[in-house]
Each structure stands twice: as C-alpha cells, then as structure tokens.
Amino acid sequence: MFPKPIEKTSPITQRMYKIALPVALIIWLLPLIAVALTSIRSAGDLNSGNYWGWPTSFNLIENYTAVFTNSPIAKYILNSFKVTIPTVIGAITLSAMTGYALAVYRFKSNLIIFFMFVAGNFVPFQILMVPVRDLTLQLGVYNTTTGLVLFHVAFQTGFCTLFMRNFIKALPFELIEAARAEGVNEFQIFWYVVLPLMKPALAALAVLVFTFIWNDYFWATVLTQGANSQPVTAGLYTLNGQWVSAWHLVSAGSIVAAMPPVIMFFLMQKHFISGLTFGAIK
Amino acid sequence: MSLLRFEEKMTAVTRFWKENQLGLAPWLFLAPGIFMFLLYVIIPITQSMSISLYEWDGLGQKEFIGFANYVELMDDEAFYTSLKNNVIWLVLYMLAIPGGLFVALFLNQTVRGIRIYKSLFFFPFVMSQVVVGLVFSWFYDPNFGLMNVIITSFGFEPIAVLADERLVTYGIIIAGLWPQTAYCMILFLTGLNAISTEQIEAARLDNAKGWRMLWYVILPQLRPATFIAIVVTVIGALRSFDLVSIMTDGGPWGSSRVLAFYMYEKAFSEYGFRMGYGAAISVVLFGIMMIYITWVLYRMYRDERGA
C-alpha cells in the first residue's frame, strides 16, 4: 500500500492523522456546511446580520416547509424525475444494444461507428444548441419534459455505448461461441447469455446517468421554461432570482434539490464509483 | 393454396435470416441508437456549421452572409475575453489532477471510518453545479459570506470576488475545482487500490520511499487513472457554462464570460436572437475541442490495435 499504512508509523503520526482527517473534511466541506447552517436560520437572524453567530432559533422544519409551500419546488422536482427516469431507461436500453453489437460482431465499420459515439460524447453542447432547439420545436415537444428526454437519451447513448462496449468486450467470448454452436439465435444470446452478465454495468450506468441528468442545467434552460416543465436545476436558478434576500430559503431549496442524487450515491456507492472509475485501472 | 405460398415465403425469410443473421444482427442492434445519435448529435453539428454562415434570428428568413460572422468575431473584444478565460480555465482546471492525487494519497489508509471520509470528500461531485455555484456565491458574498467573515477576522478588508473584474474568473474556477478535484480523487483512489502490494514492498526493500517512490513506482502505475483524469478535466474546463451562468451571468461587464457562455448569450440575446453568430462561436469552440478529441481517439485507436 502507498503511502505507508498509518498503523506502521509512530504513535504521534497516527494521532496527528486522526486529528487531521476531520479537520481536513470540515475545511473541504466548509462552503456546504455554511449553506446547511443557513438553511436552518430564521429570517430575523439574517435581517439583523446574525449570519454566522449562534442562531436565535432553529427553523429547520419551518424553512423546509416554507420552501415547499412558497414555491413550485415540488413541481420542479417532479419534472426532474419525469426527465431523469425515462432517460435512464432509454439510454441504457439503446446502449446495451449498440454496445453489444460493437463488442461482439466484427464488421468493417465497427470501429468507425464506435468512435463516432465516443467523439460525439465529447462535443461541446453549444454546437448542438441551435439545431436541437429547432428540432425540438419542430417535433412539438419544446417546453415539455419529453423534449428533454429525447435529447438526453440520444446524447447519453454516446457515453453509455463506450461503457457497455468495453464491458462486454471484457466478458469471455467463449460463452457466445458456445451458445452459437448450440444453435441459439443472436437475439437469444443477447437476452439470455449476455444481458444477465451485464447487471453490474447496467447498475453503474443507471446511477451515473441519473446523476448527470438530474444535475443538467444547460439543456433545461435551452429546451424548457416555466414551472410546468422545468427541472429543479433551472427552477432553483429562477427561485434564486425571486428570493433575493431570503437566503435561508435559497439554501434550504438547494439542499432539497441536491438530495436525490446524494441519496442515490449513498445507496449505490459501489456501482457509482465503479462506473465513474471504469478504465482507471487496467 | 395461398396459405401454402405464405408458408413458403416464411421459410424463405427464415432461411435468409439463418444464413445472414451474423451479418444482419449487428445492424438491427445498432439501428435505434445510431438513429437517435445521428438525429440529435451528428446532424446538428453539421447544421450548426451551416447556420454559422447565415444571419438568422431563429424565426424569420435566414440570410446567407458567407464568413461574415467569423470576420465579425475577429474584431469582437468579448470573443477574445471569452477565449482568454477559456485558456485560464483550461490551465487552472488542471490543478484538479495533482489536487485529486494529493487528497487520494491522504485518504488511502485503512483506519476506522475511512470509507465515510472518502464518500464525504467525494460529495461535491454528486451535487449539481447549480448548487455548487449557489454555495460559492454565498461563500464569496462581501457582506456576509463566510470567506469574508474569516478574512475580516484577520483584520483584512473584505474582497468582493465576484464583482471584481480581475478576480471573478479565478473565483469561479475555484468553485469548479471543488467538484473536479473530488472526481480526480476518486479516480486516483481506485488506481491506488489496484497497485500490486508486492511491487511496493519490493521497492521498499530497495529503499525507495516518499517522493522517489511516488515518482518512479506509483505514478507510472497510475497512468490509466491519470489519462482519464486529464480527459474528464479538459472536458469539464471547456464545458464551463453552468457556474458562469449561475454565479455571475458573465459579469461584471462580461469579464467572466467563456466561449460556451458567450455563445448562449449571443444566440438568445435580449437584443434579438443571433443564431448565426452564436453558431459561429460554437464552431470555434468545437474546433478547439476537436484537436483534443482527435488526441483521445488516436490513443484509443492505438490501444485497440495493440489489444
């Protein structure tokens, strides 16, 4: 192990390390802690300039209730789910198939198609913005969650294909050959042989895509407006403009908006990290 | 009679399928994915290139103006500000890589509760950049932000980071480095985990330790992790739209614009949509990105050949 395991160092170093850990963590999360503390303060405290002193009252429940009753944040969150969940399902379905095709079959344009997906995945969003907005308008899905889902599914298919293809490539190919020798057709091989082995990849991509899409802000502002279709990222920006000096509400709102991916991360940490670090080791 | 013929036809289809399924199957699997990707990604790229040759408000008639948008860009001071800021972003964002490595080395221990620490250090990456932007906006606030509370408690004057033309871009980049460092950290932690203990022990016997050990033994083994860290950090730097939009809206006086943001601003300007001009900016950004994409693809191609 590198660096040297702390148990093998002197007792003083060990003690220092144990003190350094929480101190470093508090410094690292300081901006976030500040927001969390603000979110339980009363408006009175903020008005009287008591930003960082001991709060005169703890308004945890009041503030968070106020966020839900004074703003359409519940609607925004619902919209976020309406965008995120279908996107996860759509992108994973499409890319399981493309990834399978690119990993298992040898044909001339294989590598070109694969590189198209990879390259497209790196493209700056702005070069897609004007035509995609136009297309969304033409399809009649501008300002709807469907419009966002369609774009996100298409774009995420790029990243997911890269992931799936490399994952399937690492599976033992003999399994597929054996199935073919038995006369199993290609669709059955995909469904009964390969797909069950892809469960870790499917789980990893599901959490990753969920987080990416939940946190998307750019496309939310380009393809939607107003509380009827906007997801929570764009909604939060709007609320920030409305609640100019109500910092306790803005911070409570931010924490609410950040919750779903955070919960997702803690529940599926192993898959999340294995997805994110895929390729980081040989 | 017709039923018989139908059956005959079916067997012909089945036979055709049986004989050609290895050739046909990949295309059937690829079709939906390729269709969506062409429709929403590949074709729009070419459309943007073509739109950049027009003057267009997004609704009315397009007017072909050749390279006039690009010529205009050459004299656009705001474009150069954005370009310069993009370079600053790109350079400073790279700090996330050594930063992430440093945090990873710090956390790569097996003391009790270390897993929770790792997760909490990773926290900033899981949050939306909108939240990160809001969090840092308050942190920097000259009147009540925690940063200035700390600064003034040491007897210094408060600094209005986001209202200062010279500091604003750096202030936003620091906000961006927060989640990005967390991302690099997790890549390096995974990499460190995979390093063989035997090699480290062998190097220890050869009296390698500290920096020498890191440089000659550890870093070479972290190459795949470093490669991915570079890839995601460059993309992160060039995609810097969210934070600029949330924290400053390009201000003060446009001094924190980056190309991604400036393009959006021009295309959806309150003084009338200029889709053509916006598209021209995005083509420039795309060109910069393309250099880098080519490098990544080249490396992948080399690995594919090698495999």
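By convention in this document, chain letters (A, B, ...) are assigned in the order of the sequence lines, proteins followed by strands, and residues within each chain are numbered from 1. What's counted below: heavy atoms across the whole structure, side chains too, no hydrogens, waters or symmetry copies.
Heavy atoms closer than 4.5 Å to chain B are found in both the backbone and the side chain of A:Ala24. Heavy-atom distances place no part of A:Val232 under 4.5 Å from chain B, backbone and side chain included. Within the 4.5 angstrom heavy-atom criterion, no atom of A:Ile255 approaches chain B. If you measure heavy-atom distances from A:Phe115 to chain B, the contacts under 4.5 Å come from both the backbone and the side chain. For B:Met290, no part sits under 4.5 Å from any heavy atom of chain A, backbone or side chain. Only the side chain of A:Ile273 comes within less than 4.5 Å of a heavy atom of chain B; its backbone N, CA, C and O stay farther away. Using a 4.5 Å cut-off between heavy atoms, B:Leu38 contacts chain A through its side chain alone, with no backbone atom that close. Within the 4.5 angstrom heavy-atom criterion, no atom of B:Ala175 approaches chain A. Of the two parts of A:Tyr105, only the side chain, counted from C-beta on, holds a non-hydrogen atom closer than 4.5 Å to a non-hydrogen atom of chain B. Residue contact with chain A, scored on non-hydrogen atoms closer than 4.5 Å, is absent for B:Leu243. Both the backbone and the side chain of A:Ser251 come within less than 4.5 Å of a heavy atom of chain B. Only the side chain of A:Leu139 comes within contact range of chain B, with heavy atoms under 4.5 Å apart. Proximity to chain A is absent for every atom of B:Leu24, based on heavy atoms less than 4.5 angstrom apart. In this structure, the portion of B:Arg204 lying under 4.5 Å from any heavy atom of chain A is its side chain and not its backbone. Heavy atoms of A:Thr93 lying under 4.5 Å from chain B are absent altogether. In this structure, the portions of B:Trp178 lying under 4.5 Å from any heavy atom of chain A include both its backbone and its side chain. In this structure, chain A has heavy atoms under 4.5 Å from both the backbone and the side chain of B:Leu22. Both the backbone and the side chain of A:Glu186 come within less than 4.5 Å of a heavy atom in chain B. Contacts of B:Leu28 with chain A are made by side-chain atoms alone, with heavy-atom separations under 4.5 Å and no backbone atom involved. The part of B:Ile51 that comes within reach of chain A is its side chain, from C-beta onward, which places non-hydrogen atoms under 4.5 angstrom from that chain. For chain B, the nearby parts of A:Ser254 are the backbone and the side chain; heavy atoms of each come within less than 4.5 Å. For a residue to count as touching a neighbouring chain, one of its non-hydrogen atoms must lie under 4.5 Å from one of that chain's; by this rule B:Val231 touches chain A with the side chain only. Looking at B:Ile228, only its side chain comes within 4.5 Å of chain A, counting heavy atoms on both sides. Residue contact with chain B, scored on non-hydrogen atoms closer than 4.5 Å, involves the side chain of A:Ile113 exclusively. Using a 4.5 Å cut-off between heavy atoms, A:Pro260 does not touch chain B at all. Heavy atoms closer than 4.5 Å to chain B are found nowhere in A:Ala96, neither backbone nor side chain. Heavy atoms closer than 4.5 Å to chain A are found in both the backbone and the side chain of B:Leu285. Proximity to chain A is absent for every atom of B:Ala279, based on heavy atoms less than 4.5 angstrom apart.
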### Task
Quick one: do A:Val35 and B:Phe136 satisfy side-chain contact (heavy atoms from CB on, under 4.5 Å)? Show the steps, please.
CA-CA 9 Å; A:Val35 168; B:Phe136 267 85; over 6 Å; no

### Task
Any chance you could lay out the side-chain contact (heavy atoms from CB on, under 4.5 Å) test for A:Gln126 and B:Phe241, step after step, and finish with the verdict?
CA-CA 10 Å; A:Gln126 283 69 25; B:Phe241 171 89; 3.9 Å; yes

### Task
Test side-chain contact (heavy atoms from CB on, under 4.5 Å) on A:Val118 and B:Ile293 and set out the steps.
CA-CA 9 Å; A:Val118 177; B:Ile293 295 175; over 6 Å; no

### Stepwise side-chain contact (heavy atoms from CB on, under 4.5 Å) test for B:Val111 and A:Leu21
CA-CA 10 Å; B:Val111 298; A:Leu21 263 183; 4.0 Å; yes

#### Entry: Residues B:Arg112, A:Glu7; criterion salt bridge (charged side-chain N to carboxylate O under 4.0 Å, His left out); working and verdict
CA-CA 11 Å; B:Arg112 220 162 58 123; A:Glu7 307 87 78; over 6 Å; no

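Top candidate by heavy-atom pairs under 4.5 Å with chain B, chosen from A:Leu135, A:Leu236, A:Leu111, A:Thr221, is A:Leu135. Of the listed residues (B:Ser119, B:Ala267, B:Gly191), the one with the most heavy-atom contacts under 4.5 Å to chain A is B:Ser119. Most heavy-atom pairs under 4.5 Å with chain B: of the set A:Phe272, A:Phe125, A:Phe155, this distinction falls to A:Phe125. No other option in A:Gln14, A:Met97, A:Lys4, A:Arg106 has as many heavy-atom pairs under 4.5 Å with chain B as A:Met97. Ranked by heavy-atom pairs under 4.5 Å with chain A, the list B:Val103, B:Thr197, B:Leu134 is led by B:Leu134. Among A:Thr98, A:Leu25, A:Val104, A:Thr38, the residue with the largest count of heavy-atom pairs under 4.5 Å with chain B is A:Leu25. Ranked by heavy-atom pairs shorter than 4.5 Å toward chain B, the options A:Phe2, A:Phe122, A:Phe265 are led by A:Phe2. Ranked by heavy-atom pairs shorter than 4.5 Å toward chain B, the options A:Val132, A:Leu128, A:Val153 are led by A:Leu128.
Within the 4.5 Å cutoff, the side chain of A:Met129 has no heavy atoms near those of the B:Ser282 side chain. Between A:Pro22 and B:Tyr117, some side-chain heavy-atom pair lies under the 4.5 Å cut-off. In this structure, A:Met116 and B:Val41 have side chains that are not in contact, with every pair of non-hydrogen atoms separated by 4.5 Å or more. Contact annotation: the side chain of B:Met263 approaches that of A:Val130 to within less than 4.5 Å [non-hydrogen atoms, C-beta and beyond]. Between A:Trp28 and B:Leu120 there is no side-chain heavy-atom pair separated by less than 4.5 Å. Contact annotation: the side chain of A:Leu94 never approaches that of B:Phe35 to less than 4.5 Å [non-hydrogen atoms, C-beta and beyond]. Considering only heavy atoms from C-beta on, A:Ser109 comes within 4.5 Å of B:Trp27 through its side chain. Under the 4.5 Å side-chain criterion, counting only non-hydrogen atoms from C-beta, B:Met36 is not in contact with A:Thr157.
Remark: A:Asn166 pairs with A:Phe114, A:Leu162, A:Phe278 by the side chain to side chain contact (heavy atoms under 4.5 Å, CB included) rule, at least two apart or across chains. Residues satisfying the side chain to side chain contact (heavy atoms under 4.5 Å, CB included) test with A:Ser274, not counting sequence neighbours, are A:Ala204. With sequence neighbours left out, the side chain to side chain contact (heavy atoms under 4.5 Å, CB included) criterion links A:Asn185 to A:Phe187, A:Gln188, B:Gln21.
Between B:Phe123 and A:Phe266, the two ring planes are tilted [angle within 30° to 60°].
The aromatic ring centres of B:Phe37 and A:Phe117 sit less than 6.0 Å apart.
Scanning residues 124-133 of chain B against chain A with a 4.5 Å heavy-atom cutoff picks out B:Pro124, B:Phe125, B:Val126, B:Met127, B:Ser128, B:Val130, B:Val131, ordered by number.
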